[in-house]
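In what follows, a structure is listed as structure tokens, so that the remarks can point back to it.
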Amino acid sequence: MGTVSSYQLHRLVWDHVRAKAANSSERAPVNPAAYDLTDEERRAFEDRDVAGLYQMGLHPVLLNGFCRAEGFARDEYRKLLEPFGADEQRKGRWAA
């Protein structure tokens with residue numbers, strides 16, 4: 001994903017989340033066509049493709065806001081992102 005497109009995707013999601021917060025209607029008045037996105041980015045946004053937006057590099061804070069604005073419960077979008085998580089290996093500070 002190019003830098004301009006990446007910025008545009010982030011800007012779209014930011015504007016969308018803010019619009020949803022200000023306007024509680026079903027669809028917020030943000031037009032994806034007004035942003036310089038690739039077809040894949042536009043489709044992911046319009047289809048509410050959480051995993052696709054994650055794979056495109058959408059910032060996690062914006063992704064969280066997008067999910068909440070779209071009405072996903074935390075467990076719902078956590079499950080959608082589960083395949084991308086890595087097993088966490090922890091060691092105590094004292095362990096070598």
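For the numbers below, each heavy atom of this structure counts, side chains included, while hydrogens, waters and symmetry mates do not.
Tyr35 pairs by the side-chain contact (heavy atoms from CB on, under 4.5 Å) definition with Gln8, Arg11, Leu12, Asp15, Val30, Leu37, not counting sequence neighbours. Arg43 meets the salt bridge (Lys or Arg N to Asp or Glu O under 4.0 Å) test with no other residue; sequence neighbours excluded. Evaluation of the side-chain hydrogen bond (donor to acceptor under 3.5 Å, both in side chains) rule for Asp49 yields no partner, not counting sequence neighbours.
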Set out, in order, the CA-CA distance, both residues' side-chain angles and the distance that settles side chain to side chain contact (heavy atoms under 4.5 Å, CB included) for Arg68 and Lys20, then state yes or no. CA-CA 10 Å; Arg68 289 176 181 255; Lys20 287 288 270 196; over 6 Å; no
Working note: Leu53 + Leu62, criterion side chain to side chain contact (heavy atoms under 4.5 Å, CB included); need CA distance, chi angles, decisive distance, verdict. CA-CA 10 Å; Leu53 292 169; Leu62 286 175; over 6 Å; no
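For Glu46 against Pro32, the heavy-atom pair with the smallest separation is OE2-CG, 3.8 Å. In terms of heavy-atom proximity, Leu80 sits nearest to Ala51 at O-CB, 4.1 Å. In this structure, Ser6 and Glu41 approach most closely via the heavy-atom pair N-OE2, 4.3 Å.
Following chains of ILVMFWY side-chain contacts shorter than 4.5 Å, one cannot reach Val61 starting from Phe66, and the two form parts of different hydrophobic clusters.
With a 6.0 Å radius and a threshold of 12 heavy atoms from other residues, nucleotides or ligands, Phe72 has its CZ atom above the threshold.
The distance from atom CD of Glu40 to atom CD of Gln55, rounded to the nearest 0.5 Å, is 8.5 Å. Distance check: Asp47 CG to Arg42 CZ gives 12.0 Å after rounding to the nearest 0.5 Å.
With hydrogens and angles left out, the side-chain atoms of Asn64 and Tyr77 include a donor and acceptor closer than 3.5 Å.
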